[in-house]
Amino acid sequence: MLSQQDDFIGHQLPTTFDHVMSSDPSWMERLWYTGHPKPGGDVLFDIGLGWHPNRNVMDGFAGVAVGGMQYNFRASRRLRPNPLTTAIGPLRIEIIEGLRRHRLVLEANESGLSFDLEFVATMNPHEEEPHFRRRNGRVTEQMARAQQFGTYRGWLEIEGARRAIAEDSWLGQRDHSWGIRAEMRTDETNPPLTFYPPFFYVWTTAQFANRGLHLFFKERAPGDLIYISGEEVSPIGARPHQGLRLHGVSHDVVWADDPHGQTVASAAFEARMSDGSVRRLKVRALPARYFLKGGLYGGLNGWSHGDDKGKLHVEHDKWRLADPAVRRLARTLGDHVIEVTDGDEIGYGIMEYGVGNGYARYPEVQRHPAI
């Protein structure tokens, strides 16, 4: 169907903007943001919005981890007749200036969580290496993703307590992905679940005063990389590094004594860059961690990304993260705030991670789910 976007130049298919190159129901586009104060790392917000054109659905979430609690808001709507309006009930995202400024709003609602935030880019964006996977003849993943560091300004309110968010004290990162996304099913109430062979993965960001570092890798066995992508990026307005990409990585992770799941305490990474230089990174995990199950990653209580929940559907809940039952539900996948030391510099970011059963290192945490 025609929309206002169709008046703009940039069509890449002989159809309207609300259609994509494939009719695969797994085709989606996602906007995602996190933010946290520096240097404390005691609060973390996560915000996301998913566009599912072949399922006629737009869904989104917002959440905050603070003080041992996780607050979750989730929403879904039918995509059409407003296929390109990035709003779902009280949640909306506005692109004020591409690659520079985005506005994130959650109006007052029954969850007790609300905010009006502006992401302000600080670093040039990073474009990940392409994601492509074919299984039994079918393309199961064909996706592009870009990431960017920034700061935040505005306010965040939790159960009536409002925090001012200032650019000089709040950092964050965002990403934007689109394409056919590999299915991830980890909701035990809604089988079948996705089978994962042995693996270890890390997705890490670190923002320093005058540069940023992106690292993403997956291994089937120690040293056996099945995917690697990363880059050192420069500040907005500065000339980007010419081809300073991640070429190799080694790791040594120390796990926390956590009876309820996989939790990193610290880590050391040796990142080998395309110019031959090496970044020797020391990572210290900080308190705040948002478990992405609260945003429907892998599915939650029978609701998965892209499911048609009707014209408009909204849910919210509050998790006490010390509760073993909550941790069993939340599993491992999450955004964990980290402090990163590289030589004399200290930066902050987030880390996602997981170790699959049968991977030849880190057996001490493999009794817990990796995703």
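Positions are given from 1 along the sequence.
Leu193 has its side chain within reach of Glu188: a pair of non-hydrogen atoms, C-beta onward, lies under 4.5 Å apart. Inter-residue side-chain proximity for Ile95 and His102 is flagged as met; some heavy-atom pair is nearer than 4.5 Å. In this structure the side chain of Ile88 reaches within 4.5 angstrom of the side chain of Leu312, judged on heavy atoms. Inter-residue side-chain proximity for Thr34 and Tyr290 is flagged as unmet; no heavy-atom pair is nearer than 4.5 Å.
The six-membered or imidazole ring of Tyr362 lies near that of His251, with a centre-to-centre distance under 6.0 Å.
Arg74 and Ser76 share no side-chain donor-acceptor pair at under 3.5 Å. Judged by distance alone, the side chains of Asn56 and Arg78 never bring a donor and an acceptor atom under 3.5 Å apart. There is no side-chain donor-acceptor pair under 3.5 Å between Ser23 and Asn54. If you check the side chains of Arg145 and Ser229, you find no donor sitting under 3.5 Å from an acceptor. No side-chain donor from either of Asp307 and His52 sits under 3.5 Å from a side-chain acceptor of the other.
Using a cut-off of 4.0 Å between Lys/Arg side-chain N and Asp/Glu carboxylate O, Asp59 and Lys309 are scored as not salt-bridged. Between Arg135 and Glu141 there is no salt bridge, since no side-chain N of the basic residue sits under 4.0 Å from a carboxylate O of the acidic one. Salt-bridge formation is detected for the pair Arg361/Asp252: a Lys NZ or Arg NE/NH1/NH2 atom is positioned less than 4.0 Å from an Asp or Glu carboxylate oxygen. Between Glu345 and Arg279 no salt bridge is recorded (no basic side-chain N to carboxylate O distance below 4.0 Å).
Applying the 6.0 Å contact sphere to CD of Glu127 captures no more than 12 heavy atoms from other residues, nucleotides or ligands. Gln4 CD: 12 or fewer foreign heavy atoms inside a 6.0 Å radius. Residue Asn210 places its CG atom among 12 or fewer non-hydrogen atoms of other residues, nucleotides or ligands, all under 6.0 Å distant.
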I'd like to know whether Tyr348 forms a ring pair (Phe, Tyr, Trp, His ring centres under 6.0 Å) with His36, so could you lay out the CA-CA distance, the side-chain angles of the two residues, the decisive distance to 0.1 Å, and finally the verdict. CA-CA 9 Å; Tyr348 297 91; His36 44 84; 7.5 Å; no

For Trp32 and Asp46: C-alpha separation, side-chain torsions, deciding distance, then whether side-chain contact (heavy atoms from CB on, under 4.5 Å) applies. CA-CA 7 Å; Trp32 168 92; Asp46 259 60; 3.3 Å; yes

Decide yes or no on side-chain contact (heavy atoms from CB on, under 4.5 Å) for Phe199 and Ile371, but give the supporting numbers first. CA-CA 11 Å; Phe199 74 96; Ile371 298 290; 3.8 Å; yes

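Residues Ile228 and Leu213 fall within the same hydrophobic cluster, defined by Ile, Leu, Val, Met, Phe, Trp and Tyr side chains chained together at heavy-atom separations under 4.5 Å. The hydrophobic clustering, which links ILVMFWY residues whose side-chain heavy atoms are closer than 4.5 Å, places Ile96 and Phe115 apart. The same ILVMFWY cluster, assembled from side-chain heavy atoms under 4.5 Å apart, contains both Leu246 and Leu225.
Between His131 and Phe216, the two ring planes are tilted [angle within 30° to 60°].
Between the CG atom in Leu215 and the CD atom in Glu232 there is a gap of 10.0 Å [rounded to 0.5 Å].
Shown are His214, Gln173, His176; of these, the side-chain hydrogen bond (donor to acceptor under 3.5 Å, both in side chains) with Gln147 is made only by His214. Remark: of the listed residues Tyr201, Tyr227, Tyr359, Tyr359 is the sole one forming a side-chain hydrogen bond (donor to acceptor under 3.5 Å, both in side chains) with Glu219.
If you chain together ILVMFWY residues whose side-chain heavy atoms come under 4.5 Å of each other, Val120 ends up in a group of its own. In this structure, Trp319 shares a hydrophobic cluster with Phe291, Leu296, Leu300, Trp303, Leu321, Val326, Leu329, the cluster being traced through Ile, Leu, Val, Met, Phe, Trp and Tyr side chains under 4.5 angstrom apart.
Scanning for salt bridge (charged side-chain N to carboxylate O under 4.0 Å, His left out) contacts around Glu352 gives an empty result, with sequence neighbours left out. In this view, Phe119 and Tyr152 satisfy the ring pair (Phe, Tyr, Trp, His ring centres under 6.0 Å) rule, not counting sequence neighbours. Checked against salt bridge (charged side-chain N to carboxylate O under 4.0 Å, His left out), Arg30 has no partners two or more places apart in sequence or in another chain. By the ring pair (Phe, Tyr, Trp, His ring centres under 6.0 Å) test, Tyr297 pairs with Phe61, His305, sequence neighbours left out.
Judged purely by atom type and a 3.5 angstrom limit, Thr332 uses its side chain to pair as donor or acceptor with the backbone of Pro369.
Nearest heavy atom pair, residue Pro287 against residue Gly40, reads CD-O, 3.9 Å.
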